[in-house]
Amino acid sequence: MTDRMRWEPLRRELDRWQTAGRVARFWLRDDDAIEPTPDLETLLASAGDNAVPLTLAVIPGLTGEALAARLAEEAGVSVAVHGWSHTNHAGPERKKQELGAERPAEIVLGELRDGFRLLQRLHPARFQPVLVPPWNRLDAALIPALPDLGFAALSVYGRAKQGGPIPLLNTHVDIIDWHGTRGGRAEEELVAELVAELRDRFAGSDEPIGVLTHHLVHDAAAWHFLSALFAVTSHPAVCWLPAAALLRS
């Protein structure tokens with residue numbers, strides 16, 4: 001199957017949106033940023049060349065001035081808080097989690113407060129008050145305390161549930177095959193997921209579609225998919241938006 005054939009279902013769906021005079025909102029979140037690396041440079045170049053705003057979920061306890069200096073040159077990049085140190089505190093039989101109930105809440109919330117303040121200081125022009133929990137997991141008992149720390153939104157994975165104590169700005173399509181190759185997933189699967197998300201939005205949901213990447217583990221398949229995605233979504237029925245715009249909507 002050719003690249004064009006693999007992407008044809010998404011093109012047809014976007015054409016349907018255009019015919020209906022509608023525009024789908026997309027946003028891009030990339031996790032685990034720490035410092036400038038060749039892979040980060042590839043991501044920044046790809047997003048920048050395609051005018052796609054990028055939200056980097058930065059690990060506060062592992063980052064510093066080097067990343068801040070590099071991102072100061074990037075107008076289309078925003079920074080969110082990716083936990084504190086991306087350390088797993090869950091037991092061996094449980095799913096990985098840094099922000100769970102294994103430790104006292106005051107310790108976890110204290111780390112999040114410190115991470116918030118650190119990234120706000122390092123990235124004053126591009127910081128967004130969004131918490132991205134490592135592994136997309138967070139003890140529900142902590143969520144009501146997030147607004148008091150300054151967070152305006154929480155970003156995890158999956159369809160957002162409305163009515164909670166803080167708005168959700170979620171991702172929905174993860175391009176990495178975490179349980180298999182740990183590289184890029186098959187394009188046919190990813191295209192099918194994107195089409196399903198678009199059809200859900202066409203039917204009435206107004207949730208923006210979040211694409212999730214992890215630049216540090218991208219292989220050739222992941223980079224190829226991202227490049228093709230940006231090309232196909234350069235379409236009148238798509239608007240890639242920065243996190244700041246979505247927080248205001």
Side-chain angles (χ1 to χ4, degrees), residues 7 9-10 12-14 16-17 20 22-32 52-57 78 80-83 94-100 128-147 151-180 184-214 222 225-226 229-230 232-233 235 237-249:
W7 287 89
L10 181 57
R12 288 199 303 269
E13 183 63 22
L14 293 177
R16 181 169 79 114
W17 278 67
R22 299 180 61 181
V23 176
R25 298 181 302 161
F26 280 71
W27 78 290
L28 177 63
R29 191 188 99 199
D30 182 90
D31 288 2
D32 300 347
V52 172
L54 169 64
T55 298
L56 286 176
S78 58
V81 182
H82 199 28
R94 301 189 62 197
K95 292 183 177 180
K96 291 180 179 180
Q97 189 166 213
E98 179 176 52
L99 310 179
Q128 294 298 322
V130 177
L131 173 61
V132 179
W135 297 287
N136 290 294
R137 299 186 186 108
L138 172 71
D139 180 19
L142 299 174
I143 296 177
L146 296 180
F151 288 104
L154 173 66
S155 181
V156 289
Y157 188 80
R159 302 285 174 86
K161 297 177 181 178
Q162 303 302 322
I166 190 169
L168 293 174
L169 180 58
N170 284 1
T171 56
H172 309 89
V173 178
D174 187 342
I175 77 169
I176 299 299
D177 179 13
W178 293 108
H179 302 293
R185 293 172 56 203
E187 283 191 348
E188 295 91 336
E189 293 180 6
L190 290 167
V191 168
E193 288 185 11
L194 288 166
V195 170
E197 295 293 338
L198 282 163
R199 289 175 178 169
D200 173 74
R201 305 312 188 274
F202 197 90
S205 171
D206 63 353
E207 186 178 0
I209 298 172
V211 176
L212 176 58
T213 64
H214 287 74
F225 172 82
L226 205 57
L229 174 65
F230 291 162
V232 173
T233 55
H235 188 287
V238 173
C239 181
W240 285 93
L241 291 169
L246 294 170
L247 292 178
R248 291 193 299 266
S249 64

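Keep in mind that this is a model prediction, so the values were computed, not measured. For this chain, numbers begin at 1 and follow the sequence in order.
Put simply, the side chain of Val130 reaches to within 4.5 Å of the side chain of Leu247, judged on heavy atoms. Within the 4.5 Å cutoff, the side chain of Glu197 has no heavy atoms near those of the Glu13 side chain. A 4.5 Å side-chain heavy-atom check between Thr233 and Leu194 finds every atom pair outside the cut-off. In this structure, Leu169 and Pro208 have side chains that are in contact, with non-hydrogen atoms separated by less than 4.5 Å. In this structure, the side chains of Val211 and Leu229 come closer than 4.5 Å at one or more pairs of heavy atoms.
With sequence neighbours excluded, the residues that form a side-chain contact (heavy atoms from CB on, under 4.5 Å) with Pro147 are Ile166. Checked against side-chain contact (heavy atoms from CB on, under 4.5 Å), Pro9 has the following partners two or more places apart in sequence or in another chain: Arg12, Val191, Val195. Checked against side chain to side chain donor-acceptor pair (under 3.5 Å), Asn170 has no partners two or more places apart in sequence or in another chain. Contacts of Arg185 classified as salt bridge (charged side-chain N to carboxylate O under 4.0 Å, His left out), with partners at least two apart in sequence or in another chain: Glu189, Glu193. A search for side-chain contact (heavy atoms from CB on, under 4.5 Å) contacts involving Ala203 returns nothing, not counting sequence neighbours. With sequence neighbours left out, the side chain to side chain donor-acceptor pair (under 3.5 Å) criterion links Thr55 to Ser78. The ring-ring contact (aromatic ring centres under 6.0 Å, His included) search around Trp240 returns Phe26, Phe230, not counting sequence neighbours. In terms of the ring-ring contact (aromatic ring centres under 6.0 Å, His included) criterion, His172 has no residue partners (sequence neighbours excluded). Partners of Asp200 according to the side-chain contact (heavy atoms from CB on, under 4.5 Å) rule, which considers only residues two or more places apart in sequence or in another chain, are Arg159, Ser205. Applying the salt bridge (charged side-chain N to carboxylate O under 4.0 Å, His left out) rule to Asp30 yields no partners; only residues at least two apart in sequence or on another chain are considered. Residues satisfying the side chain to side chain donor-acceptor pair (under 3.5 Å) criterion with Glu187, sequence neighbours excluded, are Arg6, Trp7, His224. Asp139 pairs by the side chain to side chain donor-acceptor pair (under 3.5 Å) definition with nothing, not counting sequence neighbours.
Of all the heavy atoms in Leu99 and Leu142, the pair that sits closest is O-CD1, 3.5 Å. Of all non-hydrogen atoms in Ile175 and Leu190, the two that sit nearest each other are CA-CD2, 3.8 Å. The two atoms that bring Ala243 and Gln128 nearest to each other are CB-CG, 4.4 Å, heavy atoms only. Closest of all the heavy-atom pairs between Pro134 and His82 is CA-CE1, 3.6 Å. Shortest non-hydrogen contact noted between Phe202 and Arg22 is O-NH1, 2.7 Å.
A donor-acceptor pair shorter than 3.5 Å can be found between the side chains of Arg29 and Ser155.
Although no hydrogens or angles enter the test, the distance criterion places no donor-acceptor pair under 3.5 Å between the side chain of Arg137 and the main chain of Pro133. Without hydrogens or angle criteria, Thr171 side chain to Val156 main chain gives a donor-acceptor distance under 3.5 Å. Judged purely by atom type and a 3.5 angstrom limit, Arg25 has no side-chain atom pairing as donor or acceptor with the backbone of Val238. Looking at Tyr157, its side chain does come within 3.5 Å of a backbone N or O of Asp174 through a donor-acceptor pair. Within the 3.5 Å criterion, the main-chain N or O of Asp31 finds no donor-acceptor partner in the side chain of His214.
When ring centroids are compared, Trp17 and His235 stay outside the 6.0 Å threshold.
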task: Take Arg201 and Ile209 through the test side-chain contact (heavy atoms from CB on, under 4.5 Å) and record every step on the way to the result.
output: CA-CA 9 Å; Arg201 305 312 188 274; Ile209 298 172; 3.7 Å; yes
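Leu198 CG to Leu14 CG: the interatomic distance, rounded to the nearest 0.5 Å, is 5.5 Å. Interatomic distance, CG of Leu54 versus OG1 of Thr213, reported as 7.0 Å (0.5 Å rounding). With rounding to the nearest 0.5 Å, the separation of CG in Asp32 from CG in Leu56 is 10.5 Å.
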